[in-house]
Participant: 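Please read through the structure below; I'll follow up with questions.
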2 protein chains.
Amino acid sequence: MGGSVDTAMKVGALAKRTGLTVRTLHHYDEIGLLTPGHRTTAGHRLYGEPEVRRLQQIASLRSLGLSLEEVRDCLRRPMYSLDRVLELQIERIQEQIDRQEQLRDLIHRLRDRLHSAEGVSVDDLTRTIEVTMNFEKYYSPEQMDQLRQRGETVGEERIQKVQEEWSELFAAYGKAMDDGLDPTSDTVKALARKSAALITEFTGGDPGIASSLGNMYRSEGGANVMANHGLQSPPGLWEYMGKASAALRSDS
Amino acid sequence: MGGSVDTAMKVGALAKRTGLTVRTLHHYDEIGLLTPGHRTTAGHRLYGEPEVRRLQQIASLRSLGLSLEEVRDCLRRPMYSLDRVLELQIERIQEQIDRQEQLRDLIHRLRDRLHSAEGVSVDDLTRTIEVTMNFEKYYSPEQMDQLRQRGETVGEERIQKVQEEWSELFAAYGKAMDDGLDPTSDTVKALARKSAALITEFTGGDPGIASSLGNMYRSEGGANVMANHGLQSPPGLWEYMGKASAALRSDS
DNA sequence: CTAAAACCTCACGTTACGTGAGGTGCAATA
DNA sequence: TATTGCACCTCACGTAACGTGAGGTTTTAG
């Protein structure tokens, strides 16, 4: 954060020029989404060009339907550059236009049927309601996954490394369990700490992604990693790991 | 409310077919927006065709950006028929498409500048942020007024009658004030009751509209009505009327 | 210099549900 | 018929992204 202080804007000026409210900008500061570049000695917020660029990134990601927390997490990654998010936004707009044209045509047909002798059926109505009510600016779950995967594809080498570290972690967990170590012991908690760090890196700290990654590894990816190293998932290993994570969480 | 019970859907079925949630339909029932046609002896909600038609009206008005309360109040008026709201929705969609095309072009130009030697200015960014962040599904205040006026145009004769009644009310209020009647007396409260009924009729009970109508009559319409009948707004009349309304409100 | 506007932090409230608890009713199957 | 799983009921706390107002300090313009 920086920029020239003498060209910086105070919060009211930025709010006015962007059509946002001061309260919104306070809120963004509060949650660490958009931190002012400087503060005056009186504590007034000052925003320069870097912050305005970041606000454009925020705006574009918001327009894709991401929550503020998701936006913040995305912006932790280099692949969500200003250019990239603008590109994503354009793609999204084009999709929206297409879908709106379809919805317009659907409603035209519904009106025609409303004016016809046969009238409209309940099915006609529920179908139109569904499209209308779910015509949101948000991606479908599949598209959200795609958005995340897109980001994850970039660090292909790192991902490979991470998978190796995961398999080492699984092995270490398995050994600890075979040795009868308590999941709350320092040794096992160290493993939990390490896996938490890997998850954080992989997900940008997004608990939602972490949760679904947990599911993925549990059901498929984890089993794949184990199988790739000739290991079978011992009974109770996931539960054991869950206990270690819970113990680690209790510490903080 | 009604429809054949044997073709009616339970809440889960309706939710599934419309892509809504059971919770949403419960909520709509709770706030009187969408009441089931029937209930089974066990209390299960049953929705028939009339309810589904109403839900389509709700869906369309929601897509115009009205709050649930506003939707409910609109549906109290005959001019928001299914056909009419579908028509409004189509108009809105077309507007949205136009605006999205403009936004897409704006972002294209921003990206071009991002790639150019000169780069983007803070002004470029704030302008795009403004359009992106305020690209909502909601009407602007002017458009909302237009939506309301559109409904109000239909009952042109009735409106004429209402204006006559208002001028009679103003005259009666003026006489009561000249006679030195206390604003909290039964006579003046009867006038307040009558004006409250006129406002309710005119606004469908919408307190927001009532409030802004109050402002309109106070600043312009009211003076017009008075002037149309060769009356001048006596000093203190509005205040007097406000006191009568407050006294009436204290009774309830 | 003065008054109004802009700014600060704090904190309660809003809208439209999401989520879960505890219990009853309904439908399919053995 | 009995059982079990699913659908439904009401109740109620919680959420995201701010809106709104209070009480006080700082800045700006006349």
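So you know, we letter chains A, B, ... as the sequences are listed, proteins then strands, and number each from 1. Just so you know, these numbers use all the heavy atoms, side chains as well, and skip hydrogens, waters and symmetry mates.
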Participant: Give the first and the last nucleotide of DNA chain D, reading 5' to 3', that has any atom under 4.0 Å from a heavy atom of chain A.
Facilitator: D:dA17 to D:dT28
Participant: Applying salt bridge (charged side-chain N to carboxylate O under 4.0 Å, His left out), name anything that partners A:Arg17, two or more places apart in sequence or on another chain.
Facilitator: B:Asp123
Participant: Among pairs that include at least one residue of residues 100-110 of chain A, which meet salt bridge (charged side-chain N to carboxylate O under 4.0 Å, His left out), considering only residues two or more places apart or in two chains?
Facilitator: none
Participant: Is the backbone N or O of B:Glu91 less than 3.5 Å from a side-chain atom of B:Gln94, with the two atoms forming a donor-acceptor pair by type?
Facilitator: no
Participant: Just by modelled atom types, is the B:Val122 backbone N or O under 3.5 Å from a matching donor or acceptor in the B:Thr126 side chain?
Facilitator: yes
Participant: With sequence neighbours left out, what residues match A:Ser60 under side chain to side chain donor-acceptor pair (under 3.5 Å)?
Facilitator: A:Gln56, A:Gln89
Participant: Can you list every pair that meets salt bridge (charged side-chain N to carboxylate O under 4.0 Å, His left out) and has a residue in residues 124-133 of chain B, with sequence neighbours left out?
Facilitator: B:Arg113-B:Asp124
Participant: Taking side chain as C-beta onward, heavy atoms only, is A:Gln102 less than 4.5 Å from A:Leu106?
Facilitator: no
Participant: With sequence neighbours excluded, what pairs up with A:Arg111 under the side chain to side chain donor-acceptor pair (under 3.5 Å) test?
Facilitator: B:Asp83
Participant: A:Gln57: what forms a side chain to side chain donor-acceptor pair (under 3.5 Å) with it, not counting sequence neighbours?
Facilitator: none
Participant: Shorter than 3.5 Å, N or O on both sides, protein versus nucleotides 24-27 of chain C: list them out with atom names.
Facilitator:
none

Participant: Would you work out how much the helix from C:dC1-D:dG30 to C:dA30-D:dT1 bends between its ends, with each end axis defined by five base pairs, to 10 degrees?
Facilitator: 20°
Participant: Show which side-chain atoms of residues 27-34 of chain B pair as donor or acceptor with protein atoms under 3.5 Å away, not counting sequence neighbours.
Facilitator:
from, atom 1, to, atom 2, distance (Å)
B:Asp29, OD2, B:Arg39, NH2, 3.1
B:Asp29, OD2, B:Arg45, NE, 2.9
B:Asp29, OD2, B:Arg45, NH2, 3.3

Participant: With the criterion being N/O to N/O and under 3.5 Å, what pairs connect the protein with nucleotides 15-18 of chain C, and how long is each?
Facilitator:
from, atom 1, to, atom 2, distance (Å)
C:dA16, OP1, B:Leu68, N, 3.0
C:dC17, OP2, B:Tyr28, OH, 3.0
C:dG18, OP2, B:Thr21, OG1, 2.9
C:dG18, N7, B:Arg23, NE, 3.3

Participant: Can B:Glu95 and B:Arg92 be counted as an ion pair, charged N to O under 4.0 angstrom?
Facilitator: yes
Participant: Mind checking side chain to side chain donor-acceptor pair (under 3.5 Å) for B:His108 and listing every partner two or more places apart, or none if nothing turns up?
Facilitator: none
